[in-house]
Amino acid sequence: MKIASYNVNSLRAREARVLAWLAKEAPDVLCLQELKLEEEKFPHLEIAALGYKAAVYGQKTYNGVAILSRHELTDVERGFGDGADDPQARFIAATTGGVRVMCAYMPNGESPSSDKYAYKLAWFDRLTRWLAPRLAGGSGAGRALLLGDYNVAPTDLDVHDPAAWAGSALCSAPERAAFQGLLDLGLVDTFRALHPEEKAFSWWDYRMLGFPKNRGLRIDHVLVTRDLMPRLTAAWIDRAERKGKQPSDHAPVLVELSDT
DNA sequence: ATGTCTCAGGGACTGAGA
């Protein structure tokens, strides 16, 4: 079972490219972030033509997430349902192919002095509180994945120039602590588990020749429950998808799980 | 070197967000 996550930075601007990637890569499940459109504008027909069902949580202009799957999608949850009155569409979960898939677009945070940074830390706290009871037990609790654009580089190994990024949003200690808080719930960073020493990135700034100079960060992650780890056979970043004409600023990240 | 991309509003460009 191949499961992928891809921040597309506008599905409208990237539709042909994303559909071509989906057809070529043929994952069982694909989580999308930064759709930047309402569900009414989601290309349901084109996605269905490739053999996928879709659960969408959209929003005009910003944010927006979706889960695509070759299998049925059940028990769809949009947002945390925690009464926070948050209009930002950043989280969707569904059960498919025998696993619980949770797709997230974490806030960027801008800079530690920004209101957006406080929102980011609060959002991680809401996610952690939402997740804790769901991973604590019950049927299926042990077979779950949390994947998406975390907007956090967990360690300096995930940063092209740690000194330049020290203390900045995406790399600051409180954000890394929030990321660790998710691991403490019993989740594992799949890429790092299989590639403990590898310096690899999933996002490169459009500016300053970020990609040609490989000045990137690893901020897109596939976390899985410890119960799923014995099934994990591969975890990788599709760096080639960041090349070519009109790419997203992110590359897709993927994992392969054996069937049993 | 605040250097790119995307969107909305409004109908050319500016500002926001990343």
Side-chain angles (χ1 to χ4, degrees), chain A residues 5-21 31-43 46 56-66 79 84 86-92 103-124 127 147-154 158-172 174-176 178-179 201-221 237-253:
Chain A
S5 175
Y6 189 0
N7 179 323
V8 296
N9 184 20
S10 170
L11 186 54
R12 215 171 338 184
R14 215 77 56 209
E15 181 176 328
R17 191 180 178 117
V18 172
L19 290 174
W21 186 83
C31 293
L32 299 174
Q33 301 90 35
E34 282 210 85
L35 305 176
K36 296 188 174 180
L37 47 73
E38 295 165 294
E39 176 160 15
E40 300 78 70
K41 307 220 169 153
F42 187 86
E46 293 81 353
V56 180
Y57 186 27
Q59 176 190 340
K60 191 178 174 184
T61 312
Y62 301 120
N63 309 311
V65 287
D86 185 350
Q88 301 191 33
R90 295 180 172 276
F91 186 80
I92 187 168
C103 169
Y105 173 46
M106 283 67 166
N108 174 283
E110 191 176 49
S111 76
S113 59
S114 166
D115 291 346
K116 300 191 195 80
Y117 182 86
Y119 171 78
K120 180 179 193 173
L121 294 181
W123 198 93
F124 267 90
L127 169 62
L147 56 172
D149 176 2
Y150 285 69
N151 270 314
V152 176
D158 305 306
V159 182
H160 68 91
D161 184 348
W165 279 87
S168 301
L170 316 199
C171 297
S172 72
E175 290 164 273
R176 287 176 169 176
F179 183 83
F201 310 129
S202 67
W203 169 86
W204 299 258
D205 201 310
Y206 282 126
R207 297 167 290 187
M208 300 180 285
L209 299 173
F211 186 71
K213 292 182 173 176
N214 198 28
R215 297 172 63 84
L217 304 176
R218 192 175 70 93
I219 57 175
D220 299 85
H221 308 295
I237 301 170
D238 186 3
R239 198 176 187 285
E241 181 62 13
R242 181 60 174 76
K243 300 176 184 171
K245 255 189 115 169
Q246 295 182 309
S248 168
D249 44 354
H250 294 254
V253 296

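Model, not experiment: these values are computed from the prediction. Letters go in sequence order (proteins before strands), and every chain restarts at 1.
Nearest to the side chain of A:Tyr105, among B:dA18, B:dA8, B:dT6, sits B:dA18. Counting only heavy atoms from C-beta on, A:Lys116 has its side chain closest to B:dG17 among B:dA8, B:dG3, B:dG17. Across B:dA8, B:dT6, B:dG3, the shortest atom-to-atom separation from the side chain of A:Arg207 is found for B:dG3. Which of B:dA18, B:dT6, B:dA16 sits closest to the side chain of A:Lys36 comes down to B:dT6.
Computed from coordinates, the A:Asp205 CG to B:dT2 P distance equals 11 Å when rounded to whole Å. Taking atom NZ on A:Lys60 and atom P on B:dA8, their separation rounds to 6 Å, with Å as the unit. Rounded to whole Å, atom P of B:dA1 lies 12 Å from atom CE of A:Met208. Taking atom CG on A:Leu35 and atom P on B:dG17, their separation rounds to 19 Å, with Å as the unit. Between the CG atom of A:Asp149 and the C1' atom of B:dG17 there is a distance of 13 Å, given to the nearest Å. The separation between A:Gln59 atom CD and B:dC7 atom P is 14 Å, rounded to whole Å. B:dT4 atom P lies 13 Å from atom OH of A:Tyr206, rounded to whole Å. One can place CD of A:Gln33 at 17 Å from C1' of B:dG17, the figure rounded to the nearest angstrom.
In this structure, A:Leu147 and A:Val253 have side chains that are not in contact, with every pair of non-hydrogen atoms separated by 4.5 Å or more.
Where A:Asp249 and A:Ser10 meet DNA chain B, the nucleotide closest to each residue was compared, and A:Ser10 sits on the side nearer the 5' end. Between A:Asn108 and A:Leu209, the residue anchored closer to the 5' end of DNA chain B is A:Leu209, taking for each the nucleotide with the nearest heavy atom.
A:Asn7 and A:Trp203 share no donor-acceptor pair across their side chains, judged by distance under 3.5 Å alone.
When the P atom is used for both B:dA12 and B:dT6, the distance is 22 Å, rounded to whole Å. Nucleotides B:dG17 and B:dT2, compared at atom C1', are 14 Å apart to the nearest Å. Nucleotides B:dG15 and B:dG10 place their P atoms 15 Å apart, quoted to the nearest Å. B:dG3 and B:dA16 have their P atoms separated by 15 Å, with the value rounded to a whole Å.
Under the side chain to side chain donor-acceptor pair (under 3.5 Å) test applied with A:Tyr6, the options A:Glu34, A:Arg14, A:Gln33, A:Glu241 reduce to a single match, A:Glu241.
Contacts of A:Phe211 with the nucleic acid, taken as non-hydrogen atoms under 4.0 Å apart, are absent.
For A:Tyr206 (side chain) and A:Asp249 (main-chain N/O), a donor-acceptor pair under 3.5 Å exists by modelled atom type.
Dashed line: the shortest gap from a side-chain N or O of A:Arg14 to OP1 or OP2 of B:dC5 is not under 4.0 Å.
For the pair A:Arg12 and A:Lys36, the tightest heavy-atom approach, listed with the atom from each and the gap, is NH2-O, 3.8 Å.
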